[in-house]
K.L.:
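Dropping the structure in here first, questions after.
Letters A, B, ... are given to chains in the order of the sequence lines, protein chains preceding strands, and every chain is numbered from 1.
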Amino acid sequence: MVELRIAHLYADLMNIYGDFGNIIALRRRCEWRGITAVVHQVSIGDKIDPAYYDFYFFGGGQDWQQNVVAEDLKGQKTPDLLAAKANKAVFLAICGGYQLLGQYYQPFAGEKLIGAGIFDAYTRASSKRMIQNLVTELDFKIVQTLSPISPESPLTLVGFENHSGQTFLGPNARPLGKVLIGDGNNGEDKTEGAIDGTAFGCYLHGSLLPKNPHFADYLLSLALKRRYGDMELQKLDNTIEYKAHQNAISRAKQVK
Amino acid sequence: MSSLSSFFALFTAKCIRLLIRSFTKSGGTAAPGLYALKIDPRLIRTLSRSLGKGTIVVAGTNGKTTTSRMIATILKTAGQTYVHNEEGSNLLRGVASALASKSSFDGKVSKDYGLWEIDEATLPLMLREVEPNCIVLTNLFRDQLDRYGEVAKIRTMWQEAFKQLPSSTSLILNADDPSIAHLGHATHNKVTYFGIEHLPIVEQVSTTADANFCAVCSSPLTYEAIYYSHIGKYRCKKCGLERPEPSITASNLRMHESGSMFTVHTPQWIDDIALEIPGIYNIYNALAAIALAVSLRVSKEHIMQSLPQFRSVFGRVERVTIEGKHLQLFLVKNPTGFNEVLHVVTHKEAKYDQIVIGINDNFADGRDISWLWDVDFEHLEGHAHTIIATGVRAYDLVVRLKYANNHKTIAIAENFKDVMKHITHTQSKAPIPVLLTYTAMLAFRKYLVSQGYLKHYLREEVRGERWEAGI
């Protein structure tokens with residue numbers, strides 16, 4: 001019985017912006033393939049066994065929630081999460097989650113909030129409001145991996161961003177994609193998101209995975225690889241998701 | 001009137017309103033005020049001076065329209081007159097338009113009360129223009145995060161604005177919403193709390209709850225009873241914060257699919273009441289209206305005469321019959337509201353042949369449709385044979401429904417003509433719930449009027465872009 005073990009980090013605190021849709025998407029895409037998805041909520045004070053989980057999900061939240069989470073990350077969580085990453089677990093972090101798993105967050109006033117260091121990236125507070133539909137090209141290496149298996153999958157990611165923090169990548173991370181419409185990481189360098197080892201972060205709400213099933217399946221394969229090696233995932237009918245994807249891109253162009 | 005600019009502003013407002021109503025189908029409920037305020041930014045203050053008894057303000061994420069209409073009904077029965085932005089915008093321009101339209105040319109508004117439904121972000125601005133007798137706050141939920149920003153920010157913004165209130169303003173607050181109740185802790189003004197005293201309705205706090213953490217120490221709240229989302233009887237084990245004791249309560253709730261009955265307790269009287277609009281959220285709206293009425297010393301008789309007669313307003317459980325099909329229109333704006341509508345629609349064993357759901361992402365609907373993933377569409381399982389998806393973001397809805405995993409038939413309707421084709425095609429006599437976001441509801445009603453299915457439409461509309469007020 002193939003099993004995917006998912007840790008939903010701080011689900012009770014970081015649950016704004018509909019990011020729960022990513023958990024729903026993962027669950028269903030497993031279920032439709034006869035894979036069992038086990039989802040645990042891991043929150044303040046909870047211990048993690050770095051060998052157990054295949055996938056860590058971390059969504060966006062309100063400011064005060066991020067402060068509470070940052071406090072918790074100062075403890076045992078950070079070494080455990082870093083160990084999990086070394087163990088090749090897959091991370092998907094959105095918005096606030098993405099920021100908190102970076103090196104640090106620099107607010108307007110006061111001390112840096114130290115992050116978990118999963119991503120070689122830092123974020124600084126800004127007055128730039130980046131709120132709009134976001135369309136990006138998908139990282140070339142991911143596209144190369146996908147194209148033999150599913151040549152019909154889009155070369156883009158589509159979603160909606162809502163942040164004012166500006167994220168900048170360090171040398172050990174590469175972007176998840178190049179921005180086509182919207183601001184992405186910082187509205188300056190046309191990058192969106194980050195890839196650091198098996199960790200993926202971005203500002204794409206939407207939710208991200210439902211309208212980007214090609215990326216969902218990419219992450220799924222990668223997460224299962226950890227304990228099961230390379231496995232071919234049964235192909236699913238993504239017609240409606242791709243339609244929604246293209247429709248969202250058209251809409252993004254329209255309301256730009 | 002105090003100045004030439006006030007007069008000019010008033011005159012301009014009246015002219016624009018006349019022109020709009022003469023030459024277009026629009027109600028002219030926002031543009032007159034918009035331009036008038038450019039000429040005299042203090043017009044609202046100037047015109048409000050002549051109101052006989054003062055100003056009442058209603059704000060909150062969900063329920064402000066229904067609550068303010070309920071208040072209007074009660075006031076009317078009690079022989080009080082009012083000016084109300086009932087057809088229009090809940091921004092400052094809507095207030096200014098309504099005042100200007102009811103004002104004499106020398107700036108006198110001969111009404112007892114100004115009754116205003118006010119947008120969350122506009123409340124602080126409104127409080128700079130008037131000192132209300134009462135402020136009624138219904139609840140705070142995530143809504144249009146791209147426009148409003150986060151729930152905690154709104155509460156903090158309101159808290160700041162309330163610091164400037166004169167001691168004569170009283171607050172009417174929902175004790176069962178931790179965010180709203182907290183505003184009562186932090187104030188010196190007189191507070192009347194309303195709330196429900198009942199057994200728990202749901203098992204646990206929803207994943208889309210926005211305020212289930214202590215506003216003082218950020219610990220998770222413990223609930224003795226949850227009614228929906230983060231609404232219920234709560235306390236903080238860590239710092240001792242507790243839900244305040246409401247003086248206006250509803251108990252002994254009996255809900256059915258088109259309304260509810262419950263016992264109302266006020267400091268002066270207890271009585272049973274029946275509402276003809278369903279859902280627990282409408283019980284809260286009624287409690288808010290009763291609390292306001294009691295604080296204005298409206299008699300029990302007037303309250304009990306008016307509320308049971310209250311019927312729905314624009315898109316809130318409006319019933320429309322078209323070619324023998326009974327449509328029930330529901331406005332959906334945000335996850336909590338949508339979930340409550342789904343509860344009402346799937347009450348007990350309700351089975352439908354068709355349900356229509358329309359999702360737009362125009363500015364007034366909120367551009368970010370991520371919120372669809374916080375709605376429990378899984379709840380619809382077994383209740384409908386076909387879902388008809390329509391609106392600008394119909395495909396996003398279809399994906400959401402696909403992942404809710406419970407529908408054999410999803411039909412996509414490109415426009416309302418298609419929707420009507422589907423509706424009139426079925427033989428079924430079952431009612432048809434029609435759940436639409438704000439601009440989709442406006443467009444649908446316009447369509448129904450153009451096809452002659454409805455005689456006239458309410459001229460509520462959002463003219464142009466709502467502006468970023470205050471945040």
K.L.:
Quick check on B:L372 against chain A: is it the side chain, the backbone, both or neither that has a heavy atom closer than 4.5 Å?
P.N.:
neither
K.L.:
Could you report the tightest heavy-atom contact between A:P210 and B:V399, atom names first, then the distance?
P.N.:
CB-CG1, 3.9 Å
K.L.:
Counting only heavy atoms not in A:E111, do more than 12 sit closer than 6.0 Å to its CD atom?
P.N.:
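At most 12 heavy atoms, drawn from other residues, nucleotides or ligands, come within 6.0 Å of this atom.
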K.L.:
Would you say that A:R251 contacts B:R393 through its side chain, given a criterion of any heavy-atom pair below 4.5 Å between the two side chains?
P.N.:
yes
K.L.:
Under 3.5 Å, is there a donor on one side chain and an acceptor on the other for B:Y403 and A:R27?
P.N.:
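Checked: B:Y403/A:R27 side chains show no N/O donor-acceptor pair below 3.5 Å.
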K.L.:
Using a 4.5 Å cut-off on heavy atoms from C-beta on, say whether the side chain of B:W373 contacts that of A:I24.
P.N.:
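Yes; the side chains approach each other to less than 4.5 Å.
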K.L.:
What are the two closest non-hydrogen atoms of A:G18 and B:D374, and how far apart are they?
P.N.:
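Scanning both residues, the minimum pair turns out to be N-OD2, 3.3 Å.
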K.L.:
At a heavy-atom distance under 4.5 Å, which candidate from A:I44, A:N247, A:N67 has the highest pair count against chain B?
P.N.:
A:N247
K.L.:
Hey, are the side chains of B:K402 and A:R28 touching, using non-hydrogen atoms and a 4.5 Å cut-off?
P.N.:
no
K.L.:
Among A:N22, A:N133, A:L13, A:L208, which residue forms the greatest number of heavy-atom pairs with chain B at distances under 4.5 Å?
P.N.:
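Ranked by heavy-atom pairs under 4.5 Å with chain B, first place is A:L13.
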K.L.:
With a 4.5 angstrom heavy-atom cut-off, which part of A:Q132 approaches chain B: side chain, backbone, both or neither?
P.N.:
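Contact with chain B is absent: no heavy atom of A:Q132 under 4.5 Å.
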K.L.:
Is A:I240 close to B:I412 at the side-chain level, that is, under 4.5 Å between some pair of heavy atoms?
P.N.:
yes
